[in-house]
Amino acid sequence: MARLQGHDTSALNTLFSRYSRVVFGIAFRVLHDVGESEEVVQESFLYLYQKVKLFDPSKGRAKIWIVQIAYSRAKDRKAHLSRRGFYLRTDIESLELDETLAAGADVEREIAAKLDFNRLQYAFNDLTSMQRETLKLFYFEGLALKEISEQLQEPLGNVRHHFYRGIERLRRSAVTATGRKNHARI
């Protein structure tokens with residue numbers, strides 16, 4: 001670590017060869033995916049290289065610090081992937097598309113019937129600008145609420161408020177619109 005702090009890049013190779021399996025093992029136990037675990041290994045060693053000045057040998061050994069970095073990066077990656085729906089079951093049977101295709105139905109029409117984008121767009125436009133921006137950053141940019149708070153320069157409490165109020169308004173709009181639709185059929 002002292003060599004790396006002295007800008008000796010060959011020290012990073014030494015650390016990588018010594019601890020990359022450990023980092024991969026930690027990441028794999030958290031993520032359960034080989035490709036994502038390999039990404040965490042790269043992110044962890046890049047972070048270690050960029051933040052090597054933060055290492056303090058009086059607080060513990062390098063291995064412990066590297067393990068903490070790996071675990072933190074893996075947990076962050078899992079949260080990011082969960083927000084993106086990575087861990088949801090998406091095989092063809094769970095989507096029930098095999099029956100749709102077998103019946104010869106128009107797939108695009110089936111999907112359009114299930115997803116009423118006009119209603120969603122209307123509900124989304126009905127949100128306040130802060131609610132809309134918060135939800136956009138969370139769901140489409142993959143940012144955590146704390147990151148959104150920093151980007152918008154708003155207190156975290158306000159960002160949480162905008163997020164949860166926005167979600168609630170979207171739910172109410174969807175329920176109200178569904179209720180109106182069902183009522184019109186009666």
Side-chain angles (χ1 to χ4, degrees), residues 1-92 94-95 124 127-171:
M1 291 301 286
R3 284 180 32 218
L4 191 57
Q5 286 176 335
H7 303 293
D8 180 0
T9 54
S10 67
L12 183 63
N13 291 335
T14 304
L15 288 171
F16 186 84
S17 64
R18 191 174 293 164
Y19 296 112
S20 62
R21 285 185 178 193
V22 172
V23 172
F24 179 84
I26 291 167
F28 188 75
R29 274 185 244 121
V30 172
L31 298 169
H32 307 289
D33 184 82
V34 173
E36 294 298 331
S37 299
E38 290 170 347
E39 286 288 323
V40 167
V41 171
Q42 291 179 1
E43 288 176 17
S44 297
F45 282 95
L46 178 62
Y47 179 86
L48 182 136
Y49 179 74
Q50 292 172 337
K51 303 292 184 175
V52 70
K53 295 288 185 191
L54 298 176
F55 176 71
D56 183 359
S58 68
K59 293 183 179 177
R61 297 183 1 221
K63 181 179 181 180
I64 301 303
W65 192 59
I66 293 169
V67 165
Q68 289 173 337
I69 290 170
Y71 184 72
S72 175
R73 293 283 159 216
K75 293 297 275 183
D76 289 348
R77 186 72 181 165
K78 183 170 185 163
H80 172 77
L81 292 172
S82 293
R83 285 192 306 269
R84 299 269 187 198
F86 181 80
Y87 292 103
L88 298 176
R89 189 171 169 205
T90 58
D91 61 347
I92 192 113
S94 71
L95 293 174
F124 198 70
L127 299 175
T128 67
S129 62
M130 284 303 290
Q131 290 170 343
R132 215 176 12 258
E133 185 66 17
T134 301
L135 292 174
K136 184 183 87 168
L137 291 171
F138 185 83
Y139 286 108
F140 299 112
E141 302 294 325
L143 298 179
L145 293 179
K146 185 176 180 186
E147 294 168 324
I148 294 169
S149 168
E150 293 166 359
Q151 184 167 335
L152 297 178
Q153 298 177 342
E154 285 281 324
L156 182 58
N158 288 1
V159 169
R160 281 190 183 131
H161 173 78
H162 296 307
F163 177 79
Y164 290 112
R165 291 292 173 130
I167 293 293
E168 183 59 31
R169 285 180 77 177
L170 285 176
R171 281 187 189 131

(message) Rounded to the nearest 0.5 Å, what separates atom CD in Gln151 from atom CD in Gln153?
(response) 9.5 Å
(request) Would you indicate whether the side-chain heavy atoms of Leu152 and Thr134 approach each other to under 4.5 Å? (result) yes
(message) Please check: side-chain N/O of Glu147 versus main-chain N/O of Ala144, any donor-acceptor pairing under 3.5 Å?
(response) yes
(message) Do Leu156 and Ile148 make a side-chain contact, defined as non-hydrogen atoms from C-beta onward lying under 4.5 Å apart?
(response) no
(request) Determine whether Phe45 and Val23 make a side-chain contact, defined as any pair of heavy atoms from C-beta on separated by less than 4.5 Å. (result) yes
(request) Apply the side chain to side chain contact (heavy atoms under 4.5 Å, CB included) test between Met130 and each candidate in His161, Arg165, Glu154; give the one that qualifies. (result) Glu154
(message) Please check: side-chain N/O of Gln5 versus main-chain N/O of Val52, any donor-acceptor pairing under 3.5 Å?
(response) yes
(message) Under a 4.0 Å threshold between the charged nitrogen and the carboxylate oxygen, would Glu39 count as salt-bridged to Arg77?
(response) no
(message) Strictly distance-based, threshold 3.5 Å: is any side-chain N or O of Ser72 a donor or acceptor partner for the main-chain N or O of Ile69?
(response) no
(message) For the CZ atom of Phe16 and the CD1 atom of Ile66, what is their distance to the nearest 0.5 Å?
(response) 11.5 Å
(request) Measure the CG-CG distance between Leu12 and Leu48 for me, rounded to the nearest 0.5 Å. (result) 6.5 Å
(message) How close do Ser44 and Ala70 get, counting heavy atoms only, and between which atoms?
(response) OG-CA, 3.6 Å
(request) Would you name the heavy atoms of Asp33 and Ser37 that are closest together and state the gap between them? (result) O-OG, 2.6 Å
(request) State, to 0.1 Å, how close Arg3 and Ser10 come at their nearest heavy-atom pair, and which atoms those are. (result) NH2-OG, 3.2 Å
(request) Kindly compute the distance separating CG (Asp8) from CE (Met1), expressed to the nearest 0.5 Å. (result) 12.5 Å
(request) Identify the heavy atoms of Arg132 and Leu127 that sit nearest to each other, and give their distance. (result) NH1-O, 2.7 Å
(request) Evaluate the side-chain proximity of Phe24 to Val40: yes if any heavy-atom separation is below 4.5 Å, no if none is. (result) no
(request) Using the six-membered ring wherever Trp is involved, compare the ring planes of His32 and Phe28 and label them parallel, tilted or perpendicular (cut-offs 30° and 60°). (result) perpendicular
(message) Nearest 0.5 angstrom please: Arg169 CZ to Leu135 CG, how far?
(response) 10.5 Å
(request) Mind checking the CD1-OH spacing from Ile26 to Tyr19? Nearest 0.5 Å is all I need. (result) 11.5 Å
(request) Determine the interplanar angle of the Tyr47 and Trp65 rings, folded into 0 to 90°, and report it as parallel if under 30°, tilted if 30 to 60°, perpendicular if over 60°. (result) tilted
(message) Quick check against the 3.5 Å criterion: does Ser149 have a side-chain atom that pairs as donor or acceptor with the backbone of Leu145?
(response) no
(message) Whether the side chain of Arg73 engages the backbone of Glu43 through a donor-acceptor N/O pair (distance < 3.5 Å, no angle test) should be reported.
(response) no
